[in-house]
Amino acid sequence: MNPLSFTYPLEGIASACGQAAFKGHFLCLGRWGDPSAAERSAGAIKHGDFFVRQWEVLPPYSDTRVRMRAISPVEKLQVEREVILEESAPVFYVQETVTNVGVSGRWYNMVQHPTIAGPFLHEHTRVFSNADVGICQESDHTVRSQWPVGQAGTGEKVNLEYSHQPDNHVFSFIVQPGAAFGWLAAWSPADKLLIGYIWPRADFPWINCWQHSENGKMWYRGLEFGTSGIHAPLEEIMRSGKADLLGEKTVRFLGSGERITTRYAGFLAKIEDEVTDITITDRKINIHCAGRDKAIGLPMAQPMY
């Protein structure tokens with residue numbers, strides 16, 4: 001079973017591989033959400049264009065380690081990514097270094113966009129995280145939510161831990177203040193399968209939950225984490241005075257030639273009960289479950305400090 005079986009074709013956007021589509025887990029870089037009208041006329045697309053770019057594989061590489069690089073002439077950004085697989089457990093570690101290759105500094109956002117779909121996603125699929133206070137994207141961002149409940153501007157409330165509600169909102173939450181790491185996981189009780197992510201809070205302080213339903217059934221759930229909790233053009237964020245929200249920045253700045261490195265790990269696990277916490281000690285991911293005195297430990301190939 002592939003929890004990340006999600007695919008969403010995009011009309012009017014083509015790439016060297018044919019019709020463009022959001023798939024599985026992709027990187028939103030440059031922006032999270034739509035470009036402004038002026039940016040669109042200059043070639044910018046929703047979530048940035050790294051998901052349609054050709055990535056160059058960089059030596060050395062092996063069965064458990066690969067490095068790759070992509071450059072966006074539109075975003076004026078370059079990404080160097082290293083992926084390391086743990087040989088003894090279903091765990092992968094990712095490090096991404098983003099460089100501003102333009103002649104001027106720029107505002108940007110960076111969001112990891114894993115999205116689950118069927119058959120892993122069904123009405124009994126559960127989602128857990130250490131999210132805290134949040135907002136609904138379809139509101140004016142003044143209505144506050146408290147994980148796991150998302151509250152829309154209309155007053156509608158959705159329990160985001162569950163997947164049986166036909167809902168099409170996007171809710172954004174900050175990771176619990178004071179936590180060293182943010183984490184997010186989805187669990188199919190029928191399959192006893194968990195997919196999760198964990199990352200340094202300083203790298204990605206926002207958790208974003210996108211839900212897409214059709215005909216009374218939930219089809220997709222975005223398990224997103226990144227630098228922003230406002231799904232809007234960068235220009236709009238700056239003009240609205242919402243570059244800071246809920247005590248966190250919603251945009252970041254990268255000077256010409258400057259670079260930033262972010263890290264995260266993803267994993268699968270067989271579990272039989274709901275998740276209460278996920279932690280990291282040394283090179284081990286610890287999954288704490290209800291009804292278990294001892295955490296399920298997964299080794300990591302790389303420490304995440």
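Predicted model only: the values in this text are computed from it and were never measured.
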Exercise for the section: Take W199 and F181 through the test ring-ring contact (aromatic ring centres under 6.0 Å, His included) and record every step on the way to the result. Expected result: CA-CA 5 Å; W199 62 90; F181 297 95; 9.3 Å; no

Side chain to side chain, [X] and [Y], heavy atoms closer than 4.5 Å:
X: N100; Y: R106; value: yes
X: F120; Y: I195; value: yes
X: V133; Y: I174; value: yes
X: S145; Y: I135; value: no
X: L234; Y: N109; value: yes
X: I287; Y: W183; value: no
X: L77; Y: L29; value: yes
X: S163; Y: H122; value: no

Do [X] and [Y] have side-chain atoms, one donor and one acceptor, less than 3.5 Å apart?
X: Q211; Y: D167; value: yes
X: E96; Y: Q112; value: yes
X: E235; Y: W107; value: no

Handout entry: From CA spacing to verdict: side chain to side chain contact (heavy atoms under 4.5 Å, CB included), W210, Y220
Key = CA-CA 8 Å; W210 168 54; Y220 313 125; 3.9 Å; yes

Practice task
Of all the heavy-atom pairs spanning G150 and F171, show the shortest one and how long it is.
Solution key: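 Minimum heavy-atom contact is C-CE2, 3.4 Å.
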
Handout entry: Nearest heavy atoms of A152 and V143, plus distance in Å
Key =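 Reported closest heavy-atom pair: O-CG1, 4.0 Å.
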
Between the side chains of [Y] and [X], is the shortest nitrogen-to-carboxylate-oxygen separation below 4.0 Å, so that they form an ion pair?
X: E39; Y: R31; value: yes
X: E75; Y: R53; value: no
X: E82; Y: R67; value: no

Practice task
Kindly indicate, with the supporting measurements, whether the criterion side-chain hydrogen bond (donor to acceptor under 3.5 Å, both in side chains) is fulfilled by D244 and T250.
Solution key: CA-CA 6 Å; D244 291 272; T250 60; over 6 Å; no

Practice task
Show the numbers, then the answer: is there a side-chain hydrogen bond (donor to acceptor under 3.5 Å, both in side chains) between D49 and S72?
Solution key: CA-CA 7 Å; D49 60 8; S72 169; 2.8 Å; yes

Any chance you could measure [X], atom [atom1], to [Y], atom [atom2], to the nearest 0.5 Å?
X: T115; Y: R221; atom1: OG1; atom2: CZ; answer: 11.0 Å
X: E86; Y: M300; atom1: CD; atom2: CE; answer: 9.0 Å
X: F128; Y: L194; atom1: CZ; atom2: CG; answer: 8.0 Å
X: K242; Y: S228; atom1: NZ; atom2: OG; answer: 11.5 Å

Between [X] and [Y], does the ring centroid distance fall short of 6.0 Å?
X: H113; Y: H47; result: yes
X: F92; Y: F267; result: no
X: Y264; Y: H25; result: yes

Exercise for the section: May I have the step-by-step check of ring-ring contact (aromatic ring centres under 6.0 Å, His included) for F22 and F6, ending in yes or no? Expected result: CA-CA 8 Å; F22 296 137; F6 161 75; 7.2 Å; no

Output a table of donor-acceptor pairs, distance under 3.5 Å, between side-chain atoms of residues 253-261 and any protein atom two or more places apart or on a different chain; print 'none' if there are none.
{"from": "S256", "atom 1": "OG", "to": "G102", "atom 2": "O", "distance (Å)": "2.6"}
{"from": "E258", "atom 1": "OE1", "to": "G255", "atom 2": "N", "distance (Å)": "2.7"}
{"from": "T261", "atom 1": "OG1", "to": "T97", "atom 2": "OG1", "distance (Å)": "2.8"}

Handout entry: Contacts of type side-chain hydrogen bond (donor to acceptor under 3.5 Å, both in side chains), residue E156, not counting sequence neighbours
Key =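 In terms of side-chain hydrogen bond (donor to acceptor under 3.5 Å, both in side chains), with neighbours along the sequence ignored, E156 is linked to H169.
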
Handout entry: Heavy-atom donor-acceptor pair, D191 side chain to L193 backbone, under 3.5 Å
Key =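 Answer holds: no.
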
Practice task
Indicate yes or no for a side-chain donor-acceptor contact from N208 to the backbone of H231 under 3.5 Å, with no hydrogens or angles considered.
Solution key: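 No: the side chain of N208 does not pair with the backbone of H231.
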
Exercise for the section: Show your working on side chain to side chain contact (heavy atoms under 4.5 Å, CB included) between D34 and R40 and close with a plain yes or no. Expected result: CA-CA 8 Å; D34 293 304; R40 184 178 289 108; 4.0 Å; yes

Practice task
Could you walk me through whether I285 and I278 pass the side chain to side chain contact (heavy atoms under 4.5 Å, CB included) test, one step at a time?
Solution key: CA-CA 7 Å; I285 297 171; I278 300 178; 3.9 Å; yes

Exercise for the section: Would you list the pairs meeting ring pair (Phe, Tyr, Trp, His ring centres under 6.0 Å) in which at least one residue belongs to residues 139-161, sequence neighbours left out? Expected result: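 Matches after skipping sequence neighbours: W147-F173.
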
Practice task
Decide whether a cation-pi geometry holds between R81 and W55; the criteria are a distance under 6.0 Å from NZ or CZ to the six-membered ring centre and an angle within 45° of the ring axis.
Solution key: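 The answer is yes; both the distance and angle limits are met.
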
